[in-house]
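Small disclaimer: the values here were computed from a predicted structure and weren't measured. Letters A, B, ... mirror the listed sequences (proteins, then strands); counts begin at 1.
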Protein chains: 2
Amino acid sequence: MISQTAEYALRAMVFLAENPEGAHPVSRIAQHTQVPAGYLSKVLQNLVKAKLVVSQRGLKGGFRLGRPAAELSLLDIVNGVSPIERITACPLGLAHHSSRLCALHHRLDEAIGSFEGCFRTTTLADLLEGQGTFTPPA
Amino acid sequence: MISQTAEYALRAMVFLAENPEGAHPVSRIAQHTQVPAGYLSKVLQNLVKAKLVVSQRGLKGGFRLGRPAAELSLLDIVNGVSPIERITACPLGLAHHSSRLCALHHRLDEAIGSFEGCFRTTTLADLLEGQGTFTPPA
DNA sequence: TGGAATTTGGACATCAAGATCTGATTCTCG
DNA sequence: CGAGAATCAGATCTTGATGTCCAAATTCCA
């Protein structure tokens, strides 16, 4: 449904939002989010390029959020690493096919839009303040 | 967003719903849906296993819908070839992580559910009767 | 009645892309 | 200068997508 890369990016961003003081090296983020460190490093680089996190090298370096958690939607994050693609044009050749396939792709795009909407309307801050609402299974 | 396989399956099913008389060999379906024939053959085999289409070998053989179009939802089709996976349990280890990751996955599953809902509430028949509603771009 | 033509059913082989790990390089703080 | 960290370039592994071939079933016709 959503790429592994996007899942990892979301976990890392939630962790960074949870711990806004100071920078966190990839090893620490990997440990807390249970993401393979080698790969997470690459994912974080993409997030840096997308300006969603900022990085700092050297001793006491690491990663931190590039913007306040309230201004970072889940959609920003997902699109930063593996963008959700809307269906804008009919994937088949144009006019010569029946219009039912167009109807199909119209519905398809509606579904994607609905999915995308959930991501657009939720920020990292929303997740933080919702703490306790969803109790983890024991 | 949705696997290539599922996209192909949907196209083929729409074609079969459009042409309910007689059976259609994979070559004809491939031609009308612009799906690579070799692969489509495999996809159709999966649809047969899922009881969504019935097949017949030999001369004049081919594929046809396994149920009336009004009783085939898009979700049935997608789940027949590459199921949509809901997030039922937290993908991380259990109790020792913060509950914010749980909140994340809760939202994630809501988004998937919303996507899934679009598919569940649309049948092949819905697509057919909607003909003309969405004009293909010229 | 039997064989040729057609078509599905399966088993492999190939190809591309995503996911993962490793090592060398560059930066920065103390 | 030296240790800790990001950065970057490859190498590897897995999986989904795709193509190819042959066997099994079915129809049709001589």
What are the two closest heavy atoms between [X] and [Y], and how far apart are they?
| X | Y | result |
| --- | --- | --- |
| A:Ala111 | B:Phe119 | CB-CE1, 3.4 Å |
| A:Lys60 | A:Ala23 | O-CB, 4.1 Å |
| A:Leu47 | A:Ala9 | CD1-CB, 4.1 Å |
| A:Ile2 | A:Glu7 | CD1-N, 4.1 Å |

Q. In residues 48-56 of chain A, what residues come within less than 4.0 Å of DNA chain C, judged by heavy atoms?
A.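 Of all residues in residues 48-56 of chain A, the ones placing a heavy atom under 4.0 Å from DNA chain C are A:Gln56.
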
Q) Between the side chains of A:Ser73 and A:Arg120, does any donor sit under 3.5 Å from an acceptor? A)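 Looking only at side-chain atoms, A:Arg120 and A:Ser73 do not form any donor-acceptor pair under 3.5 Å.
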
Q) For residues A:Ser3 and A:Ser82, is any side-chain donor paired with an opposing acceptor at under 3.5 Å? A)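 Per modelled atom types, A:Ser3 and A:Ser82 side chains form a pair under 3.5 Å.
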
Whole angstrom is fine here: how far is it from [atom1] in [X] over to [atom2] in [N]?
| X | N | atom1 | atom2 | answer |
| --- | --- | --- | --- | --- |
| A:Leu47 | D:dT7 | CG | P | 11 Å |
| B:Glu7 | D:dT18 | CD | P | 11 Å |
| B:Gln45 | C:dC12 | CD | P | 14 Å |
| A:His24 | D:dA6 | NE2 | C1' | 15 Å |
| B:Arg57 | C:dA5 | CZ | C1' | 15 Å |
| A:Phe63 | D:dG4 | CZ | P | 17 Å |
| A:Leu44 | D:dA6 | CG | C1' | 10 Å |
| B:Gln31 | C:dT7 | CD | P | 13 Å |

Q. In this structure, which one of B:Leu127, B:Ile29, B:Ile77 forms a side-chain contact (heavy atoms from CB on, under 4.5 Å) with B:Met13?
A.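 Per the side-chain contact (heavy atoms from CB on, under 4.5 Å) rule, the option paired with B:Met13 is B:Ile77, out of B:Leu127, B:Ile29, B:Ile77.
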
Q.
Applying the side-chain contact (heavy atoms from CB on, under 4.5 Å) criterion to A:Leu124, which one of A:Leu10, A:Leu72, A:Leu16 satisfies it?
A.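 Between A:Leu124 and the candidates, side-chain contact (heavy atoms from CB on, under 4.5 Å) is satisfied uniquely by A:Leu72.
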
N/O to N/O distances under 3.5 Å, protein versus nucleotides 17-20 of chain C:
| unit_1 | atom_1 | unit_2 | atom_2 | d |
| --- | --- | --- | --- | --- |
| C:dA19 | OP1 | A:Gln4 | N | 3.0 |
| C:dA19 | OP2 | A:Thr5 | OG1 | 2.4 |
| C:dA19 | OP2 | A:Tyr39 | OH | 3.2 |
| C:dT20 | OP1 | A:Tyr8 | OH | 3.4 |
| C:dT20 | OP2 | A:Tyr8 | OH | 3.3 |
| C:dT20 | O4 | A:Lys42 | NZ | 3.2 |

Q.
By nearest atom, which of the nucleotides C:dG9, C:dT26, D:dC28 is closest to the B:Lys60 side chain?
A.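 That would be D:dC28.
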
(Q) I'd like to know whether B:His24 forms a ring-ring contact (aromatic ring centres under 6.0 Å, His included) with B:Phe63, so could you lay out the CA-CA distance, the side-chain angles of the two residues, the decisive distance to 0.1 Å, and finally the verdict. (A) CA-CA 5 Å; B:His24 304 277; B:Phe63 300 88; 9.8 Å; no

Q) How do A:Ala37 and A:Leu59 order along DNA chain C: which one's closest nucleotide is nearer the 5' end? A)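 Checking each residue's closest nucleotide, the 5'-ward one belongs to A:Ala37.
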
